[in-house]
Amino acid sequence: MTSAEICIILAVAVYLLGMLFIGFFYCKLNNSAGDFYLGGRKLGPVVVALSTEASDMSGWLLMGVPGLAYFFGLADAVWTVIGLALGTYLNWLIVAKRLRRYSARLGAITIPDFFSHRYRDRSGLIEGIAALIIIIFFIPYTASGFAACGKLFTNIFDVNYMPSMIISASVIVAYCAMGGFTAASLTSLIQSLVMTAALVVILVFGVHTAGGWSAVIENAKALPGYLDLSHSTDIVSKQLSNYGFISVVSTLAWGLGYFGMPHILNHFMAIEDGEKLKVSRRIGTVWVVISMAVAIIVGIVGYAMSNAGAIAPFNSPSDAEAILVRISALLSKSGIFPAILAGLVLAGILASTMSTADAQLLASASSISHNILRNVFHIELTNKQEMCVARLTVFAVAGFGVLLAVNPESSVFGIVSFAWAGFGSAFGPLMLFSLFWKRSNKYGALAGMLSGGISVFIWKYLIRPLGGVWDIYELLPAFIISSLFIITVSIFTPKPAEEIVAEFKNI
């Protein structure tokens, strides 16, 4: 084993042990389900801001975005990032404060809780279906994070994928099961800082290795359409394709997903004071915009490094997701200190996947133990018993995630894209209507969730393959269909009770 590999292993090991220590430290501070799943609504604005965005970005920031920019140029990555930046800002601006007040008023600690209490649904249908939607879309989403961790260690140390993936998943599960939401949020805060440092280190080293910024631009300009926002270029086939209006609208639609992401919305509910969300919004939005912009630039820089012969070229978009890993490997060969920096970068990639996987694990576990077992099936549990069930559920959900992550060839971007559409269409419209339309009712809520979730599958697998004008990211049409169902069904069914309307007006 080389000195560079030893430095990398030490850097990653220190990071992992730090995450476990946080989980252990907060283990005894969870006295109820509210503490475990929502941190007792005691998080400060900085923790909420950075932990929210770290759990949002996932491995997509340090793997998906650079890989997309590397392989196809600016268009796809830039328009997607613009949509996400707008969605991030609007979610903080429109949803965060009102959701914090409303959920606290209702005593809701999960998103299914909120929908059920908001519409006074005593049948358990809204809560049960919402919980099932979370489980259906979050388990593969979590699996993509585990797979990203496995790919990381496989690429770095040339070890078997399965043991690497299982070890990574075990660390995530351990600090989640011990420390709950508070531990996951504080680790995500640290992870956001590590991710930022990783991007800066790779950017500076990459530009230097490629021959300077002018060389990066010259390489990109040499490939037709690579820096064009109206064209997309495949670097292997050199094929240039138009990136027209439908493509732009389709990628901008990514921003709609934010209104329905449980692991993001939970952070809004957890802040100690709703009035401090303005600070969180500013910090979170600035971090997201800068981080995503740097991630795109890293992809372009990586292409220049390949042309300069510094790193081997990638032959597929899925392979290109390992670009930061390959650049880190090159950095580690420059000496002891660069090897430590390379370890920091690799810890950053690990952080980007862990920060999302932990939030998703908790959201999935809460859906099973709190929403389904306790509220839908009315299984009476003491605080101690519910905490035990919550932790066991974290292990169970993680187990299913590990089973789905056995295929190392799956694309991080592809899995995230589909899960994002599922949540955005099933929960996004309903969240907006529940917060801002007093006439919406439980019948419209059910119709909106079901039509949105089902439409994602129909559009993805039956309509979008037709191509042409139908080749639109499934989130957009499914979001529209869900909204229409909520409006139509609510209007043609009984009005909500006066108690619900009065409560709505007082939020």
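Rounding to the nearest 0.5 Å gives a distance of 9.5 Å between OG1 of Thr52 and CG of Asn91. A distance of 5.0 Å separates CD1 of Ile202 from CG of Leu324, quoted to the nearest 0.5 Å. For the atom pair Met162 CE and Ile167 CD1, the distance stands at 11.0 Å (nearest 0.5 Å). The line from CG of Leu227 to CD1 of Ile300 is 6.0 Å long, rounded to the nearest 0.5 Å. To the nearest 0.5 Å, atom CG of residue Leu86 and atom CG of residue Leu256 are 10.0 Å apart. Summarising the geometry, atom CG belonging to Leu43 is positioned 13.0 Å from atom CZ belonging to Phe268; distances are rounded to the nearest 0.5 Å.
Phe71 is not listed as a side-chain neighbour of Asp319, based on a closest heavy-atom distance of 4.5 Å or more. The side-chain heavy atoms of Thr233 and Gln239, taken from C-beta on, include no pair separated by under 4.5 Å. Contact check for Phe423 versus Pro262: side-chain heavy atoms found under the 4.5 Å cut-off. In this structure the side chain of Ser51 reaches within 4.5 angstrom of the side chain of His267, judged on heavy atoms. Ile463 places none of its side-chain heavy atoms less than 4.5 Å from the side chain of Glu474. Taking the side chain as every heavy atom from C-beta outward, Val301 and Met305 approach each other to under 4.5 Å. Counting heavy atoms from C-beta outward, Leu99 and Met431 have side chains that approach closer than 4.5 Å. Here the side chains of Leu475 and Val456 are not in contact, with every heavy-atom distance at 4.5 Å or above.
Checking Ser280 against Trp92 by side-chain atom types alone, no donor-acceptor pair falls below 3.5 Å. Side-chain contact annotation: Tyr258 with Thr88, donor-acceptor N/O pair under 3.5 Å present.
Listed here is the closest heavy atom pair of Ser291 and Leu199: O-CD1, 3.6 Å. Here the closest non-hydrogen pair linking Ile323 and Gly67 is CG2-N, 4.3 Å. Closest non-hydrogen pair, Ala308 versus Ala210, comes out as CB-O, 4.4 Å. For the residue pair Ala310 and Leu330, the shortest heavy atom distance occurs at O-CD2, 3.8 Å. Counting all heavy atoms, side chain and backbone alike, Pro224 lies closest to Leu240 at O-CD1, 3.3 Å. Nearest heavy-atom pair across Ala342 and Leu331 is N-CD2, 3.8 Å.
Panel note: side chain Ser482, backbone Ala426; no donor-acceptor pair is recorded below 3.5 Å. With Ser250 contributing its side chain and Tyr473 its backbone, the two residues share a donor-acceptor pair below 3.5 Å. A donor-acceptor distance shorter than 3.5 angstrom exists from the side chain of Arg100 to the backbone of Ile271, with no hydrogens or angles considered. Remark: the backbone N or O of Ile472 is paired with a side-chain donor or acceptor of Trp459 at under 3.5 angstrom. A side-chain donor-acceptor contact under 3.5 Å links Ser425 to the backbone of Gly452.
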Worksheet item: After noting the C-alpha distance and the side-chain angles of Thr251 and Tyr243, does the key distance pass the side chain to side chain contact (heavy atoms under 4.5 Å, CB included) rule?
Response: CA-CA 10 Å; Thr251 47; Tyr243 207 85; 2.7 Å; yes

Discussion item. Please evaluate residues Trp420 and Phe137 with respect to the criterion side chain to side chain contact (heavy atoms under 4.5 Å, CB included), reporting the C-alpha separation (whole Å), side-chain torsions for both, the decisive distance (0.1 Å), and the verdict.
Written reply: CA-CA 8 Å; Trp420 191 267; Phe137 286 109; over 6 Å; no

Item to complete: Could you give me the CA-CA distance, side-chain angles and deciding distance for Asn266 and Ile111, then say whether side chain to side chain contact (heavy atoms under 4.5 Å, CB included) is met?
Response: CA-CA 7 Å; Asn266 283 344; Ile111 297 304; 3.7 Å; yes

Discussion item. Assess the residue pair Val288 and Leu84 against the criterion (side chain to side chain contact (heavy atoms under 4.5 Å, CB included)); give the C-alpha distance rounded to whole Å, side-chain angles, the decisive distance to 0.1 Å, and a yes or no.
Written reply: CA-CA 9 Å; Val288 162; Leu84 290 175; 5.8 Å; no

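The list of ring-ring contact (aromatic ring centres under 6.0 Å, His included) pairs with a residue in residues 290-324, not counting sequence neighbours, reads Tyr70-Phe314, Tyr226-Tyr303.
In this view, Phe72 satisfies the ring-ring contact (aromatic ring centres under 6.0 Å, His included) rule with no residue, not counting sequence neighbours. Under the ring-ring contact (aromatic ring centres under 6.0 Å, His included) criterion, Phe479 pairs with no residue at all, not counting sequence neighbours.
Considering Val248, Asp76, Leu74, Ile82 as possible partners of Leu229, the one that fulfils the side chain to side chain contact (heavy atoms under 4.5 Å, CB included) test is Leu74.
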